[in-house]
Number of protein chains: 2
Amino acid sequence: MIVIDYRDRRPIYEQIVERFQELILKNVLEPDSQLPSVRSLAMDLSINPNTIQRAYVELERQGYIYSVQGKGSFVSENERLVLKKKEEILDEAVKLAKVAREFGMKKEEFIRVIIDEFGEVS
Amino acid sequence: MIVIDYRDRRPIYEQIVERFQELILKNVLEPDSQLPSVRSLAMDLSINPNTIQRAYVELERQGYIYSVQGKGSFVSENERLVLKKKEEILDEAVKLAKVAREFGMKKEEFIRVIIDEFGEVS
DNA sequence: TAACTGTACTAATATTAATAATACAGTTGA
DNA sequence: TCAACTGTATTATTAATATTAGTACAGTTA
């Protein structure tokens, strides 16, 4: 479920956070389902439990999960999170379009590859 | 010309590399014009000359500049670099579009913000 | 009550960016 | 010629931070 890329320069806990965000936003992990425990996931990934803990703290801070002492960590409802994520994607798209324009790229040239990705038929 | 952002988590030399890439690609620095010397730029930015050296080595490796011992470092011809940069931007756009689609975003919704950025008239 | 859970804390280690201090070689202009 | 610039190279040290290690405590569950 979680894979660590040691060539990735970002810290491990950040990779874990991002991966769970993805799984939660895509509903692979359903609301209220339980995440692996701090210790068991650390075992699976052969890393320190503290690193997992740090990732879970961050996920909780961002609203992706909630933790109950003695019971475990669970996936939050994600409707609001999906909306937030979509906004972030749009923000990135705007930034990228701005850069493209600054480098003299034509609107058609830029949009063409996007339409291709989405598929021609709307 | 160059500004260091200490809140940026990326290393200083990487910020410098990126900034010069931008200045060169946008033709703010013209081909064959001379870059500030390793030592003088280090003085200006109040950082160590080795950090600048590292940035210049990287810029030379990527083809953005060429260095001549005893003379200085100079901007390369940039036509090829601009093409490469445009390809990179398009690659990013495709990746982002893919993510947007994965999160169930509508094509129109995604393209709308881009069109707005470029301006309605083509 | 044993075996799980999360949570908290301190200390040690590893990695890497950045600094510091030199040294050497080539260029330039007075 | 030579002082004052350039780039280049090397080694050592410092600083910052991610990660590990170890331990402890509190709540839950079968």
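Every chain is numbered from 1 and lettered A, B, ... according to where its sequence line falls, protein lines coming before strand lines. For clarity, every value in this text was computed on a predicted model and none was experimentally measured.
- Between A:Tyr13 and the choices A:Arg54, A:Glu18, A:Gln53, the side chain to side chain donor-acceptor pair (under 3.5 Å) rule is met once, by A:Arg54.
- In terms of hydrophobic clustering, with Ile, Leu, Val, Met, Phe, Trp and Tyr side chains grouped at heavy-atom distances under 4.5 Å, A:Ile16 and A:Tyr66 are assigned to different clusters.
- Atom pair A:Met43:CE and C:dT5:P shows a separation of 10 Å (rounding to whole Å applied).
- Among the nucleotides C:dT7, D:dT8, C:dA17, the one closest to the side chain of B:Pro11 is C:dA17.
- Nearest to the side-chain atoms of A:Thr51 among the listed nucleotides D:dT20, C:dT19, C:dT5 stands D:dT20.
- Residues A:Asn50 and A:Tyr56 both approach DNA chain C. Their nearest nucleotides, taken by heavy-atom distance, put A:Tyr56 toward the 5′ side.
- Between D:dG7 and B:Ser73, a contact under 4.0 Å exists linking OP1 or OP2 to a side-chain N or O.
- The side chain of A:Tyr13 has D:dT19 as its nearest neighbour among D:dA26, D:dT19, D:dT6.
- A straight line from CZ of B:Arg39 to P of C:dA21 spans 15 Å, rounded to a whole angstrom.
- Both the sub-6.0 Å distance and the 45° axial angle are not jointly satisfied by B:Lys86 relative to the ring of A:Phe103.
- Note: A:Phe20 and A:Tyr64 fail the aromatic proximity criterion, with ring centroids not under 6.0 Å apart.
- Nearest to the side-chain atoms of A:Lys71 among the listed nucleotides D:dT19, D:dG27, D:dT29 stands D:dT29.
- Spacing between atom CG of A:Asp8 and atom P of D:dA18 amounts to 14 Å, rounded to whole angstrom units.
- Across all strands, B:Val68 comes closer than 4.0 Å only to sugar-phosphate atoms, never to a base (heavy-atom distances).
- Ranked by how close their nearest DNA chain C nucleotide is to the 5' end, A:Leu35 and A:Arg9 are led by A:Leu35.
- Residue B:Arg54 is classed as a sugar-phosphate contact, given heavy-atom separations below 4.0 Å to backbone atoms only.
- In this structure, B:Glu58 atom CD and C:dA17 atom C1' are separated by 15 Å, rounded to whole Å.
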